Peer 1: 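One structure follows; several queries about it will come next.
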Protein chains: 2
Amino acid sequence: MQLKNQVEWALHCCAILAGLPDGRYLATKDLAELHGTPKEYLSKALQALSAAGLVASTLGPSGGYRLARPAAEISFLDIVEAVEGRQRTFICTEIRANSPCRPAGFCDTGPCTIARVMWAADQAWRDHLAATSLAQLSHMLDAELDPDLWAATGRWVAQRV
Amino acid sequence: MQLKNQVEWALHCCAILAGLPDGRYLATKDLAELHGTPKEYLSKALQALSAAGLVASTLGPSGGYRLARPAAEISFLDIVEAVEGRQRTFICTEIRANSPCRPAGFCDTGPCTIARVMWAADQAWRDHLAATSLAQLSHMLDAELDPDLWAATGRWVAQRV
DNA sequence: GAGAGACTACTCGGATACAGTCTGTCCGAGTAAATCCGG
DNA sequence: CCGGATTTACTCGGACAGACTGTATCCGAGTAGTCTCTC
């Protein structure tokens with residue numbers, strides 16, 4: 001069970017977009033160059049973000065993407081679910097029902113006990129992702145790690161918008 | 001991102017094996033019949049459990065599988081990791097390093113900030129799975145849900161070992 | 001009756017096949033800004 | 001100099017292809033009990 005690499009790309013792209021001046025857009029081409037990813041494929045991830053309403057796009061020259069909401073109102077979970085979908089990681093196919101010793105007309109009293117444990121773990125994962133916003137990420141990048149690279153990236157982006 | 005259905009099968013099989021009399025084995029054929037799964041493919045999941053040391057097998061007639069440890073010492077995480085592998089769900093490919101504005105000879109100060117958030121969520125998921133043991137699951141099945149089906153299943157299994 | 005050999009039922013592992021998803025590419029349609037051209 | 005037409009640069013969406021993984025089946029090798037046969 002692995003998240004697709006588009007999730008990683010989408011997260012990094014959103015981190016960049018969170019630092020954009022108000023009202024400016026950054027093109028897919030620049031995002032792809034910045035991260036060394038194939039432009040056309042990265043575009044799929046950005047389209048998913050757009051479909052989920054996390055980013056807004058504009059056509060034409062000086063077009064591209066920007067965040068559709070303040071960075072504080074976009075969580076990691078929003079981005080992961082936009083790319084991966086909202087389905088639970090554990091699918092219960094109710095194999096209980098296949099039991100040869102199941103009494104005739106037996107009616108299940110509720111969701112499979114095993115599924116409930118798995119779903120609770122899934123929820124713990126989602127809760128953790130929902131607790132971190134893009135604004136917090138920007139703050140971490142500013143303060144904690146790689147301030148030089150992050151600042152240089154900011155200047156590089158500023159030239160393009 | 002979805003867990004494979006072998007994970008579901010493995011969990012249900014372990015729940016059955018946890019109720020087995022000491023020293024007795026249950027054959028793949030019976031486990032497959034009980035859950036309505038293809039025997040040969042289910043066998044792959046059981047082999048994975050065996051490779052991880054969670055279950056023990058014996059050949060020959062009256063052979064099959066049993067738990068290799070007390071049910072209280074086998075967690076959901078053990079089973080999930082046996083089938084799915086121990087890799088983290090989020091793979092960081094360090095796309096930071098592809099940045100065209102990365103200073104020459106720049107040395108990363110540590111793991112990617114985004115990866116650290118994703119890994120922390122991953123850990124929350126694993127912690128939750130590690131907190132539930134097969135013994136607890138047996139207790140839940142006994143007490144909370146479907147006691148009729150669970151008891152009937154116990155009798156069905158008892159005839160086979 | 002005892003021991004050796006054959007038989008049976010099972011696990012294990014490899015080979016194979018098919019479908020679906022992931023990854024990646026290509027191209028045409030549509031759109032908004034910039035540019036150009038005619039009055 | 002101004003307004004409309006053209007060009008340009010981008011997004012969007014679909015079509016397509018290759019690689020990989022997940023799902024599933026089949027079969028032969030090996031093993032541990034059981035049965036049979038011979039002495």
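Worth saying up front: this structure is predicted, and the values here are computed from it rather than measured. The sequence lines fix the lettering, A, B, ..., with proteins before strands; numbering per chain opens at 1.
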Peer 1: Of all the nucleotides listed (C:dT11, D:dT11, C:dG13), which has the minimum atom distance to the side chain of A:Ser57?
Peer 2: D:dT11
Peer 1: Between B:Arg69 and B:Asp78, is there a side-chain N and carboxylate O pair less than 4.0 Å apart?
Peer 2: yes
Peer 1: When you get a sec, tell me which of D:dG13, C:dA15, C:dT23 is the closest nucleotide to the side chain of A:Lys44?
Peer 2: D:dG13
Peer 1: Whole-Å distance between D:dC10 P and A:Gln47 CD?
Peer 2: 16 Å
Peer 1: To the nearest Å, how far apart are B:Trp9 CH2 and D:dA24 C1'?
Peer 2: 8 Å
Peer 1: Does the side chain of A:Trp125 come under 3.5 Å of the side chain of B:Asp122 through a donor N or O and an acceptor N or O?
Peer 2: no
Peer 1: On the side chain of B:Lys4, is there an atom forming a donor-acceptor pair with the base of C:dG20 - under 3.5 Å, no angle test?
Peer 2: no
Peer 1: Would you indicate which nucleotide in D:dT11, C:dG24, C:dA33 comes nearest to any side-chain atom of A:Leu59?
Peer 2: D:dT11
Peer 1: Can you tell me if A:Asn5 touches the phosphate of C:dC22, counting only side-chain N or O atoms and a distance under 4.0 Å to OP1 or OP2?
Peer 2: no
Peer 1: Just how far, in rounded Å, is C1' of D:dG13 from CG of A:Leu46?
Peer 2: 15 Å
Peer 1: A:Glu84 has an atom CD; how far is it from atom P of C:dT23, in whole Å?
Peer 2: 8 Å
Peer 1: Once you round it to whole Å, what is the distance between C1' of C:dG24 and NE2 of A:His35?
Peer 2: 18 Å
Peer 1: Nearest to the B:Tyr41 side chain among C:dG24, C:dT11, D:dG22, which nucleotide is it?
Peer 2: D:dG22
Peer 1: Under 3.5 Å, is there a donor-acceptor pair between the A:Ser133 and A:Glu73 side chains?
Peer 2: no
Peer 1: For the pair made of CD1 in B:Ile91 and C1' in D:dC20, what is the distance, rounded to whole Å?
Peer 2: 15 Å
Peer 1: Salt-bridge test for A:Glu33 and A:Lys39: reply yes if a basic N is under 4.0 Å from a carboxylate O, no otherwise.
Peer 2: no
Peer 1: Roughly how many Å is it from NZ in B:Lys29 to P in D:dT25, rounded to a whole number?
Peer 2: 17 Å
Peer 1: OP1, OP2 of C:dC10 versus side-chain N and O of B:Thr28: anything below 4.0 Å?
Peer 2: no
Peer 1: For residues B:Ile95 and B:Trp119: do they belong to one hydrophobic cluster (side chain heavy atoms under 4.5 Å, members Ile, Leu, Val, Met, Phe, Trp, Tyr)?
Peer 2: yes
Peer 1: Could you work out which one of C:dT11, C:dG24, D:dG13 sits closest to the side chain of B:Ala27?
Peer 2: C:dT11
Peer 1: For A:Glu40 and for A:Gln6, locate the closest nucleotide of DNA chain C by heavy-atom distance; then report the residue assigned to the nucleotide nearer the 5' terminus.
Peer 2: A:Gln6
Peer 1: Just checking B:Thr58: base, sugar-phosphate only, or nothing, at a heavy-atom cut-off of under 4.0 Å?
Peer 2: sugar-phosphate
Peer 1: What is the separation between atom CG on A:Leu3 and atom C1' on C:dT23, rounded to the nearest whole Å?
Peer 2: 15 Å
